[in-house]
There are 2 protein chains.
Amino acid sequence: MKVNQHIKVAVDAVVFGYTGNELELLLIQQKYGSEKNKWALPGGFLKDEEDLQTGVARELNEETGVNPNYLEQLFTFGSINRDPRGRVISVSYMALINPKNYVLKAATDASDAKWFSIKELPPLAYDHPEIVKKGLERLKSKIHYQPIGFELLNKEFPFSDLEKLYQTILDKSIDRRNFRKKMLSFGVLEETDKSYKPSSGRPAKLFKFNKRKYNELEEKGFHFEIKFA
Amino acid sequence: MKVNQHIKVAVDAVVFGYTGNELELLLIQQKYGSEKNKWALPGGFLKDEEDLQTGVARELNEETGVNPNYLEQLFTFGSINRDPRGRVISVSYMALINPKNYVLKAATDASDAKWFSIKELPPLAYDHPEIVKKGLERLKSKIHYQPIGFELLNKEFPFSDLEKLYQTILDKSIDRRNFRKKMLSFGVLEETDKSYKPSSGRPAKLFKFNKRKYNELEEKGFHFEIKFA
DNA sequence: ACAAAAGTGTTTTACATACACCCATGG
DNA sequence: CCATGGGTGTATGTAAAACACTTTTGT
């Protein structure tokens with residue numbers, strides 16, 4: 001195949017985590033190169049014999065040590081001058097993980113990995129601010145119609161965690177009673193027999209998301225959909 | 001920039017048109033190459049100094065003569081063996097056009113362009129069936145919450161055209177009164193003083209979509225959203 | 001007994017749904 | 001006057017929104 005093209009293909013990941021109070025973004029620090037010392041999305045060049053998604057997963061693991069079980073393609077960025085090193089298009093992905101499940105690798109291939117509150121991001125390299133924006137938009141819109149929030153929580157969680165998660169991501173307050181009513185009406189949450197003791201106040205039952213049941217319902221035409229005033 | 005990568009970047013377009021009865025897809029016939037005589041999505045290799053969207057628009061124009069004013073990125077396909085000629089990733093776009101506005105270029109760079117009913121597609125090259133599927137999904141879901149249907153109609157259209165368009169795309173029937181009520185309630189359709197005479201029956205008022213008004217409303221937090229039983 | 005967070009129902013309001021007849025024109 | 005497609009309103013059902021007090025625990 002003779003095509004005279006000199007474009008490189010990179011993959012980058014917008015990785016969201018939730019700590020109980022804050023929505024966080026996983027970034028790595030560039031130690032070398034033109035954007036030295038700026039922070040950037042984990043990612044890198046795709047290998048010749050590697051699927052896109054395999055590529056992001058590999059880069060993510062190499063650079064930060066995390067292995068998300070939720071990963072979806074976001075958008076492909078290809079402006080001519082988005083990378084000062086040359087023509088690079090970036091296929092971006094969004095990943096959702098629970099930060100508690102990982103200890104970040106401090107430094108692998110010349111980078112340092114760290115969580116940042118989405119509200120206090122450091123200066124980002126390249127067009128990464130734009131990519132993050134796309135990720136946030138996707139996350140905000142998708143939690144309305146897909147049960148992806150659970151990826152950010154512990155397997156078993158008090159209802160209030162779910163509530164706070166939605167409020168944090170959407171940056172608005174939600175009526176607790178209506179939220180709980182709607183959520184439970186889907187029939188995809190299971191009450192466990194465990195409970196969680198908050199630092200003060202009444203203990204809370206722990207719930208878990210029943211993915212099997214969700215898939216069943218979805219096949220029957222059910223749609224997860226939650227909206228707020 | 002030393003990156004030992006041998007991946008080519010292509011752009012492909014899923015172009016939908018509507019004729020009044022059918023949803024159609026614009027395809028070109030391959031005259032050369034491994035997929036000779038199969039039909040394929042318009043598209044080709046991206047140039048080194050060209051934005052993604054500019055690239056699809058160029059290819060589209062070269063191969064078919066159309067210049068869509070609605071073009072959105074769909075998804076990037078990058079499976080290792082999607083193209084037998086070598087490693088090629090394809091950034092796909094969806095375009096919406098009104099076929100009446102163009103006469104297809106019969107043959108430019110060794111290809112023939114033609115509209116096909118979405119219900120009777122010929123065998124497609126590469127992984128193009130998958131790309132078309134993605135386009136259709138996007139179109140079907142997006143007409144619910146974005147006023148993109150108008151791109152497929154004449155500037156001024158009888159209400160019944162809009163009705164039929166929705167029914168054709170969604171492949172189900174819709175209550176005429178409820179549809180009209182909801183559509184008009186948004187306040188983004190303007191009645192013109194013209195009317196259209198069908199081959200038989202009562203003449204219909206012509207409407208037009210007021211994009212300016214739509215943008216205004218959208219900035220105020222309005223959301224176009226239309227659902228059906 | 002107080003502080004802190006969990007848990008719980010009812011009323012009101014708005015929107016979606018279902019549904020059928022008359023109107024204007026051309027032949 | 002008949003055939004064809006255009007145009008219209010109301011009643012019912014269902015889900016969203018608004019809203020505040022009681023319960024359980026630790027200190």
Side-chain angles (χ1 to χ4, degrees), chain A residues 19-21 141 143-145 153-154 156-168 170 172-208 217 221-229, chain B residues 19-21 141 143-145 153-154 156-168 170 172-208 217 221-229:
Chain A
T19 54
N21 291 303
S141 81
I143 54 166
H144 289 286
Y145 62 92
L153 300 177
N154 295 335
E156 307 193 334
F157 52 87
F159 218 96
S160 57
D161 274 16
L162 191 59
E163 241 175 77
K164 269 187 279 176
L165 174 69
Y166 270 79
Q167 293 184 134
T168 304
L170 298 175
K172 63 176 162 188
S173 64
I174 295 172
D175 182 281
R176 281 168 58 225
R177 283 175 287 189
N178 291 339
F179 180 79
R180 189 177 179 123
K181 202 188 309 168
K182 246 181 293 186
M183 267 292 175
L184 290 175
S185 75
F186 297 145
V188 298
L189 288 186
E190 252 171 40
E191 198 175 318
T192 68
D193 50 4
K194 295 170 211 154
S195 69
Y196 156 80
K197 314 231 183 229
S199 54
S200 89
R202 174 173 172 174
K205 298 176 209 160
L206 291 180
F207 288 82
K208 63 180 175 187
L217 288 170
F222 158 82
H223 287 286
F224 183 96
E225 188 169 6
I226 189 154
K227 291 192 181 166
F228 314 103
Chain B
T19 54
N21 292 304
S141 80
I143 53 166
H144 288 286
Y145 61 91
L153 300 177
N154 295 334
E156 308 194 333
F157 52 87
F159 218 96
S160 57
D161 274 14
L162 192 57
E163 244 175 76
K164 271 188 276 175
L165 174 69
Y166 270 79
Q167 294 185 135
T168 304
L170 298 176
K172 62 177 164 189
S173 65
I174 294 171
D175 183 281
R176 279 168 60 222
R177 282 175 287 189
N178 292 339
F179 179 79
R180 189 178 177 122
K181 203 189 308 170
K182 247 181 294 187
M183 267 295 175
L184 290 176
S185 75
F186 297 144
V188 298
L189 288 187
E190 252 172 38
E191 198 175 317
T192 67
D193 50 2
K194 295 169 209 156
S195 69
Y196 157 80
K197 314 233 182 225
S199 54
S200 88
R202 175 175 172 174
K205 297 174 208 161
L206 291 180
F207 288 82
K208 63 179 175 186
L217 288 170
F222 159 82
H223 288 286
F224 183 96
E225 190 170 4
I226 189 154
K227 291 191 180 167
F228 314 102

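All heavy atoms count here, side chains included; hydrogens, waters and symmetry mates do not. What you are looking at is a predicted structure, and each value in this text was computed from that prediction instead of being measured.
Relative orientation of the B:F228 and B:H144 rings is tilted, given thresholds of 30° and 60° on the angle between their planes.
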Quiz item: Tell me, for nucleotides 22-27 of chain C in 5' to 3' order, what letter each nucleotide earns: B for a base near a protein heavy atom under 4.0 Å, S for only sugar-phosphate near one, - for neither?
Solution: -BBS--
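Checking the phosphate oxygens (OP1, OP2) of C:dA6, a side-chain nitrogen or oxygen of A:S160 falls inside 4.0 Å. Under 4.0 angstrom from either OP1 or OP2 of C:dT8 there lies at least one side-chain N or O belonging to A:K205.
Whole-Å rounding puts the A:R176 CZ to D:dA18 P distance at 16 Å. What separates NE2 of A:H223 from C1' of C:dA16 is a distance of 17 Å, to the nearest Å. The distance between atom CZ of A:F159 and atom P of C:dG7, rounded to the nearest whole Å, is 9 Å. With rounding to whole Å, B:D175 atom CG is found 14 Å from D:dT12 atom C1'. Between B:K227 atom NZ and C:dT17 atom P there is a gap of 9 Å when expressed in whole angstrom units. One atom, CD1 of A:I174, and another, P of D:dA17, lie 11 Å apart when rounded to the nearest Å. What separates NZ of B:K172 from P of C:dA18 is a distance of 11 Å, to the nearest Å.
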With a 3.5 Å cut-off and sequence neighbours excluded, list the donor-acceptor pairs that the side chains of residues 179-193 of chain B form with protein atoms.
| unit_1 | atom_1 | unit_2 | atom_2 | d |
| --- | --- | --- | --- | --- |
| B:K181 | NZ | B:N178 | OD1 | 3.3 |
| B:K182 | NZ | B:K227 | O | 2.4 |
| B:S185 | OG | B:K182 | O | 2.6 |
| B:E190 | OE2 | B:N210 | ND2 | 2.6 |
| B:T192 | OG1 | B:K194 | N | 3.2 |
| B:T192 | OG1 | B:L206 | O | 2.8 |

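The side-chain heavy atoms of A:L170 and A:I143, taken from C-beta on, include a pair separated by under 4.5 Å. With contacts defined as side-chain heavy-atom distances shorter than 4.5 Å, the pair A:Q167/A:K172 does not qualify. Here the side chains of A:F207 and A:L162 are not in contact, with every heavy-atom distance at 4.5 Å or above.
Set against D:dG7, C:dT17, C:dG7, the side chain of B:N178 has C:dT17 as its closest nucleotide. Of the listed nucleotides (C:dA6, D:dT8, D:dC19), D:dT8 has the atom at the smallest distance from the side chain of B:R177.
Using a 4.0 Å cut-off on heavy atoms, the residues of residues 179-193 of chain A that approach DNA chain C are A:R180, A:K181, listed by number.
Residue A:P198 comes nearest to A:A204 through the heavy atom pair CD-N, 4.5 Å, listed as atom of the first residue, atom of the second, then distance. The heavy-atom pair separating A:S195 from A:P203 by the smallest distance is OG-CB, 4.3 Å.
Going from atom CD1 of A:I174 over to atom NZ of A:K164 covers 13.0 Å, rounded to the nearest 0.5 Å. Rounded to the nearest 0.5 Å, atoms OG (B:S141) and OH (A:Y145) are 7.5 Å apart.
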